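This structure is a prediction, so every number in the text was calculated from the model and none was measured. Values below: every heavy atom of this structure, side chains too, minus hydrogens, waters and symmetry copies. Numbering of ligands and ligand atoms starts at 1, following listing order.
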Amino acid sequence: MTFRITIGPRIRKSPYFDATVAAGVSDMTVYNHMYMPTGFGDFEAEYRRLVETVALWDVAAERQVQIAGPDAARLVQMLAPRDISKMKVGQGRYALLSDVTGKLINDPVLLKLADDRFWFSIADSDMEYWVGGIAAALGLDVEVSEPDVSPLAIQGPNAPLVMADLFGDWVRELKYFAFRETELDGIPLILARSGWSKQAGFEIYLMDGTRGTDLWDRVMSAGLPHGIGPGSPNVVERTEGDLLSWGADTRPDANALELGLGAFINLDMAPDFIGKEALTKIRAEGPKRRRVGLFIEPPTLEPSDHNWPMQDLDGNAAGLISVAVPSIRLQRNIAIALVNTPLADAGTRLVVETPSGPRQAEVTALPFIQPG
Ligand code: THG
């Protein structure tokens with residue numbers, strides 16, 4: 001099967017697009033209608049940088065949905081499944097967004113910029129329309145927009161060294177998801193301790209899309225003594241560490257409880273949020289599926305580009321695999337799947353339909369590797 005994907009102006013370019021092309025980007029995906037690099041030609045080297053030194057990622061496709069105005073906090077609380085009245089300016093939270101049926105529709109990071117201004121830093125679905133539609137339907141006094149903001153991630157054990165060299169020692173004191181507005185040689189930005197890896201890391205939210213190359217080059221220069229190089233959200237590291245990839249690990253109808261994200265949803269707090277009633281019912285009945293890990297027998301797998309079906313040993317449908325990769329640190333095939341609850345206990349043996357034929361697999365607990 002060979003064909004080309006037609007490209008046009010519907011797919012947006014990140015402010016770091018030129019810089020990533022100059023750095024030798026070899027693979028791109030499309031995320032929030034924007035190109036996002038997924039490789040620079042040497043996967044193993046990119047993985048090693050992430051887990052051993054430091055990597056620079058263009059994640060501008062993690063777009064911001066800004067909610068600003070007198071009713072901003074009210075609207076955010078209607079959407080987010082945690083008590084946001086306790087959030088301080090300068091703090092962030094992982095804030096899962098569900099629809100009224102409990103379906104997980106995005107899994108953003110929420111940032112509180114002011115008492116009346118928030119960002120949802122979104123995964124790959126069109127949240128501006130959802131948030132704007134709810135605001136309009138309720139006649140709330142807010143403005144919902146996508147501001148000129150583009151995250152750049154610095155991930156890996158040496159990330160604190162690079163950021164301290166660029167910004168000063170205060171960056172080391174930032175708590176997870178906390179952020180501060182600052183600048184770098186006149187480039188306006190927000191510096192946060194966050195990022196889609198299980199390594200130490202920061203994200204710079206660039207607030208002027210004309211300065212992408214300037215920022216990329218400054219971080220690259222500061223990082224050279226610390227072993228920096230280009231990289232991207234890493235499918236092997238995220239599978240080993242169990243970070244959710246919305247749209248890949250989720251099914252269109254999957255809810256946060258079966259995805260194993262119950263710890264981030266407070267069903268017992270006073271504030272109501274969209275999906276609370278449905279999720280409360282799902283909790284009472286018990287989730288019908290569970291997100292689990294799998295070890296798949298050798299030989300080494302080719303990367304998966306689609307969901308692979310699984311059966312139990314009697315041939316009954318068991319669920320779908322969303323990602324299957326050879327783990328570099330564990331030196332064996334690992335996968336993440338949504339499995340029907342009766343078959344989701346650790347130790348259960350399943351058969352996976354890979355593109356190269358059936359393979360035996362065993363259910364195991366997540367994550368595969370605990371953060372060190
Ligand atoms: N950074 C920013 N925006 C983003 C992402 C990001 N938007 C899209 C996507 N990633 C959102 N999804 C996630 C998923 C997990 C985490 C962050 C964003 C995450 N989880 C930690 C964990 O699971 O260990 C911590 C969760 C917690 O303890 O609160 O970091 O990466 N800007």
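- Residues T53 and N158 bring no donor and acceptor atom of their side chains to less than 3.5 Å of each other.
- Protein heavy atom in closest approach to atom 4 (C) of ligand 1: E62 CD, 3.4 Å.
- The two residues E297 and R359 come nearest to each other via the heavy atoms O-NH1, 2.9 Å.
- Look at R238 and D249 and you find a salt bridge, because one of the NZ, NE, NH1 or NH2 atoms lies within 4.0 Å of a carboxylate O, short of that distance.
- Nearest approach of L166 to R218, heavy atoms of both residues: CD2-O, 4.1 Å.
- Salt bridge status for E237 with R49: absent, with no side-chain N to carboxylate O gap under 4.0 Å.
- Across P358 and V351, no two heavy atoms sit closer than the pair CB-CG1, 3.7 Å.
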> Where do L294 and M310 land on the side chain to side chain contact (heavy atoms under 4.5 Å, CB included) test, with the steps shown first?
Replying inline: CA-CA 11 Å; L294 290 170; M310 297 175 295; 3.4 Å; yes
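- Remark: ligand 1 atoms within the under-4.0 Å shell around heavy atoms of L243 are 15 (C), 19 (C), 20 (N), 22 (C), 23 (O).
- With a heavy-atom cut-off of 4.0 Å, P151 does not touch ligand 1 at all.
- Neither the backbone nor the side chain of R93 has a heavy atom within less than 4.0 Å of ligand 1.
- Near V109, meaning under 4.0 Å from one of its heavy atoms, ligand 1 places the atoms 17 (C), 18 (C).
- The nearest heavy-atom contact from the protein to atom 22 (C) of ligand 1 is K198 NZ, 3.3 Å.
- Residue E203 approaches ligand 1 through these ligand atoms, each under 4.0 Å from one of its heavy atoms: 1 (N), 2 (C), 6 (C), 31 (O), 32 (N).
- Near Y31, meaning under 4.0 Å from one of its heavy atoms, ligand 1 places the atoms 8 (C).
- Residue-ligand proximity, I122 to ligand 1, at heavy-atom distances under 4.0 Å covers atoms 7 (N), 8 (C).
- Ligand 1 has no N or O atom lying under 3.5 Å from any N or O atom of S194, backbone or side chain.
- Residues R283 and D268 are paired through a salt bridge, judged by an N-O separation under 4.0 Å between the basic side chain and the carboxylate.
- Looking at W246 against ligand 1, nothing comes within 4.0 Å, counting heavy atoms.
- Compare W119, Y94, Y176, F264 by their heavy atoms: the one nearest to atom 30 (O) of ligand 1 is in Y176.
- Nearest protein neighbour of atom 11 (C) of ligand 1, counting heavy atoms only, is D107 O, 2.9 Å.
- Here the protein heavy atom with the shortest distance to atom 3 (N) of ligand 1 is S121 OG, 2.6 Å.
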